Amino acid sequence: MITDEVGTFSDTVEEAAPVEACTKCTACNTVCPVARSTEIFRGPKFLGPESERYRSQPEAAVTAGLDLCSGCKLCEVTCPSQVSIQEYIRRAQNKGAAEKGRTLRDWVLGHTRLLSRFGSMTAPLANLGNRNPLVRWAMERVLGIHHKRPLPRYQWLTFERWFTRRPHNKTARRTVAYFYGCWVNYNERRLGEQVVAILERNGIEVIVPKQQCCGIPAVVNANMDLARKYGGENVRRLSGLPADVDIIASSTSCGLMLKHDYAHLLDIPGAEQVGARVYDICEYLWMLHEAGELNLDFQPVSTRLLYHAPCHLKSHGIGYPAMRLLRLIPGVQLEEVDEGCCGISGTFGVKVEKYDLSMKIGSRLFAAVKAAGTDAVLADCETCRMQVEHGAGAHSAHPIDILARAYGHG
Amino acid sequence: MPDTTTGVVVIGGGSTGAGVLRDLSMRGIEAVLVEKGDLASGTTGRSHGLLHSGGRYCVNDLAAAIECVEEGRILRRIARTTIEDTGGYFVSVSEEDLAWEPRFVEGCAKAGITCERISVEEARRREPALSQHVRTVFWIPEDGHLDPFYLVMGNVESARRRGAQARTYTEVTGFIRDGNQLTGVLTRDTMTGEETSIGCKAVINATGAWAGFVARLLDVEVKVVPVKGVMVVLSHRVAHATINRCHKPGDGDIIVPALSVAILGTTAVKVPHPEVLPIEWDEVRHMIEEGSLMADGVSTARAMRAYAGVRPLYDLGAEAEGREMSRNFAVIDHEQRDGIAGFTSIVGGKVTTYRLMAERVTDLVARRLGVTTPCTTAEVPLNDRDDELDQLRHRPAQLGVPKPHGGERPLQPLVCECELVRPQDVTPWFEDAAVRTLEDIRRRTRTGMGPCQAAICSYRLAGRLVTDRHQDGPTATRAMAELLETRWRGVRHVFWGSQLRQAQVTTGLHLELFNLDRQLMLQAEPAAAPEAVGARQ
Ligand SMILES: Cc1cc2nc3c(=O)[nH]c(=O)nc-3n(C[C@H](O)[C@H](O)[C@H](O)COP(=O)(O)OP(=O)(O)OC[C@H]3O[C@@H](n4cnc5c(N)ncnc54)[C@H](O)[C@@H]3O)c2cc1C
Ligand code: SF4
Ligand code: SF4
Ligand code: SF4
């Protein structure tokens, strides 16, 4: 593990406290993007620790309004008592779904991996369909997916296949395993290519173990059993890696699942040990820099950029390594937007009944992005990027894209 | 001439007095209840809230056990909404407990208590909280939770609908006599000091542990031994059913899941006066240690507060002490015993048997007044409407939210989020003249009884004093400070872990951020306030 050599610059995940630890300070409510945007949501304090006291009773489960929690986890990040607020909400959502049954839509969205595989196999057709108003109308009626929500483009060549076909260079100081996630695999292979190029440029060998969806789409669509199944497969495979191989993720939420939720929310055996060696790509590169190992041979990139910190990145508890990294590049002018959640929260803002809410949550961010008028908005999370492009009409990219340009891989 | 007259004056607003008031009103006897504090502010509001199945008494006090069995069944009919049918476990954790079992089984059989031996595995399946120390388990389906506050309010409301009155913060300070006949009581308002008199034909002394003091005003003796019991409140229910140690009743041998909390009880220590109830750290710790023997999670749960009550144990002259004394009650006919016509005392008993106690004493007093209407309290339910005393445990389901695409109807803000108190739960009480303090609102609605112990909701209640009672800011602020102060008295006994952190948040919020103590100080010395100077101009 790289932390053994260079030391960790922050504690990744804090120890969770029991529900009793809540002191009713209400800090969580003040940061909850949903509570701030609608008056029909009672907020994390109520739906988490307060309702939890009643959930232990056989008959009284507080379920009303639970589905409005987007799962951004900002409440947990903020809580001075380390209450796992969102975990309680998740478990209650899941229990409710298990009792009442899941909607077809939530089933489908929970199986992103299957969906994406299908989308990728039929890429040109699927992409056409996803842009066809008639198809979208049908999708809204049958599936409950809002017709205005742009859906991701699928690519025919997956990252996985691209990687196995490429020549492999093997002379390196370190080896990392890349958890690319469904997004890179089916929708944005280029990001994966850049990650590999940047790591290799720094003398690091990249291996790509076989992997399954990280499971977050299943978790947020109240299907924890499916998530546990996916997570179990990933933990099994990643546990088999040699002890000195770190694991890198380029998707914020995938990374958070591996680092934290597998062990804490899903109780997957062995997940703690795997989680301890998982790093966000920018976090890892920054650690290399701190160890004096980062290749600083950057070409100037003259550009004005905004950085939007995804909610789940805040949950990593690592600060904003992307900003620190990019500021090493000559020519880069980078500011943080700091207008809170973008509103999409994975599949939340895709749903017909939540689309408007999701756009309302993001409205502050959109306004700030429009006012700034920069070349692009950077975000480590793919759904944030989709939302910013949709809501603010701005160009959006992963921070790695800028770094790749600086290395001449743009 | 007395200021007002009525038929019967009932002294004491605990479960006994409230039950008597209702019984009198149902027999068509005009009555006024006077209580020196708030309703249920005496022993009644400081009990565990256990609806006794009788299991705890069936070995040592068979008569009391039988009363519990019968009354429990009646209360389930007439006071349904104040009861939660939790059922109960009697568990053995030691050799002595195991030796007690045959006597317990025999006692249950004699008293008619349904009692079923179940395997420890089966018990754990039903109640995972049962600890590893548990060796054998009996299931007693008729143990339950009886909310003492709702019970008292329910009785008083029912009596009020039949024309009875209840005056809170009204202390009986003396009696009016005409020779040997009592003709009225003298009262003093404990908040304003105002003195009044109420003329009546009979007085019922239902002052529990205070019965001796009231009787002494007439130079007669009622021997009540005040025996203190300490209880600890945990922030959640811990278990779904009550858990009792299957042994000779002792310290720390019961856990009652009461609405949203669990109550650990209790101790038995003789005290010199019913209002001298110190709570020792050893007692609190002992309760938690003993509770942990029966259920997991007791020691890790958040203790929210500790409180003490005082048993009104009637001294029958036996040398029995503390728990050994009968939990039975006594109706004392002072006309026969002491030659004071129109004076009757009712002491001892339990919340569980309040109705029977009321029936017995009312029978006597009614007979003396020549009223022959029989008692109907065992048949007529407390609430004319079922939903009248709504149950806390149903509130979560009532807090539904409209679906977003069904249009945004803003949620009603809660008054107290911990205990799910909605505005409509408190509003009527602000219109009730018997309610004088925010503590009174708490007793009727559970506002402020959750983990934060009124840290947050006290502001909302203070606001309601201004909007609903048109009080000025300083008055409402004082009321809020009083509520926090009374909560604090219970919280300070459990200053560790989460409740200590809570106390820091609470003091930080009220004293540091909002400067509450300074505001109260300025109020106390208005002359020093700069406004006084301005006023001269
Ligand atoms: C620790 C403990 C736990 C208990 N647990 C349970 C239980 O779980 N289940 C159960 O069934 N029983 C329980 N009991 C017993 C039960 O609480 C009491 O027996 C019962 O509440 C007595 O009610 P009461 O109305 O007679 O007395 P109280 O409730 O004490 O009422 C008497 C009232 O008289 C008022 N008063 C006194 N003097 C005057 C005056 N001069 N003028 C006007 N008013 C006056 C007092 O303020 C008081 O409110 C418990 C008792 C204790 C101590
Ligand atoms: S996870 Fe996000 S949306 Fe859900 S309660 Fe917490 S802050 Fe609100
Ligand atoms: S931030 Fe944490 S401690 Fe504060 S109210 Fe929310 S859950 Fe409770
Ligand atoms: S969370 Fe990660 S692995 Fe899972 S579907 Fe999304 S991108 Fe794929």
Side-chain angles (χ1 to χ4, degrees), chain A residues 17-29 34-35 37-70 79-83 92 140 144 146 348-349 351-358 360-361, chain B residues 84 86 129 234-241 257 259-262 297 300-304 391-414 416-420 450-453 455-457 497-506 508-509:
Chain A
V19 60
E20 273 106 350
C22 171
T23 57
K24 316 288 166 186
C25 72
T26 320
C28 51
N29 278 5
V34 176
S37 308
T38 170
E39 295 204 36
I40 60 170
F41 186 62
R42 284 208 189 273
K45 169 169 130 176
F46 183 80
L47 292 167
E50 268 157 3
S51 299
E52 195 63 21
R53 287 177 65 220
Y54 294 89
R55 288 193 187 112
S56 58
Q57 297 179 36
E59 45 183 321
V62 182
T63 45
L66 271 179
D67 69 315
L68 284 172
C69 162
S70 76
C79 175
S81 308
Q82 270 105 286
V83 177
E140 178 164 318
H146 201 284
F348 180 84
K351 303 178 179 182
V352 60
E353 75 281 13
K354 298 190 175 96
Y355 173 83
D356 289 338
L357 177 59
S358 119
K360 195 166 162 202
I361 294 171
Chain B
E84 188 180 352
T86 59
L234 305 180
S235 75
H236 62 85
R237 285 164 63 98
V238 177
H240 301 312
L259 303 171
S260 51
V261 301
T300 50
R302 167 170 172 177
M304 293 201 298
Q391 280 171 302
L392 180 76
R393 65 179 204 277
H394 293 152
R395 283 190 197 160
Q398 292 160 359
L399 294 172
V401 290
K403 283 271 175 235
H405 41 277
E408 290 214 1
R409 190 147 47 84
L411 285 176
Q412 239 181 347
L414 292 173
C416 164
E417 289 144 302
C418 301
E419 298 297 296
L420 313 181
C452 80
Q453 293 285 299
I456 310 287
C457 58
S498 295
Q499 206 62 343
L500 178 58
R501 293 173 54 255
Q502 179 71 60
Q504 285 179 316
V505 170
T506 308
L509 183 67

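Every chain is numbered from 1 and lettered A, B, ... according to where its sequence line falls, protein lines coming before strand lines. Because the structure is a prediction, the values reported are computed rather than measured. Computed from heavy atoms alone, side chains included, the values below leave out hydrogens, waters and symmetry copies.
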Nearest-0.5 Å distance, CD of residue A:E50 to OG of residue B:S260: 11.0 Å
Proximity breakdown for A:P80 and chain B, heavy-atom pairs closer than 4.5 Å: backbone
Approximate separation, where rounding is to 0.5 Å, of B:L234 CG and A:E20 CD: 8.5 Å
Option that, when pairs with chain A are counted at under 4.5 Å, heavy atom only, ranks first among B:E417, B:Q499, B:Q504: B:E417
Minimum heavy-atom distance between B:S498 and A:A21, given as atom pair plus value: OG-CA, 3.4 Å
Shortest non-hydrogen contact between B:C452 and A:K24, atoms and distance: CB-CG, 3.3 Å
Within-4.5 Å side-chain heavy-atom neighbours: B:H236 and A:V19: no
Distance in Å, B:I456 CD1 paired with A:T23 OG1, rounded so as to fall on 0.5 Å steps: 8.0 Å
CG-SG distance between B:L509 and A:C25, expressed to the nearest 0.5 angstrom: 10.0 Å
Closest contact, heavy atoms only, B:R302 versus A:C22: NH1-O, 2.6 Å
Residues B:E419, A:R53: salt bridge by 4.0 Å N-O rule: yes
Contact origin within B:A301 toward chain A - heavy atom pairs under 4.5 Å: both
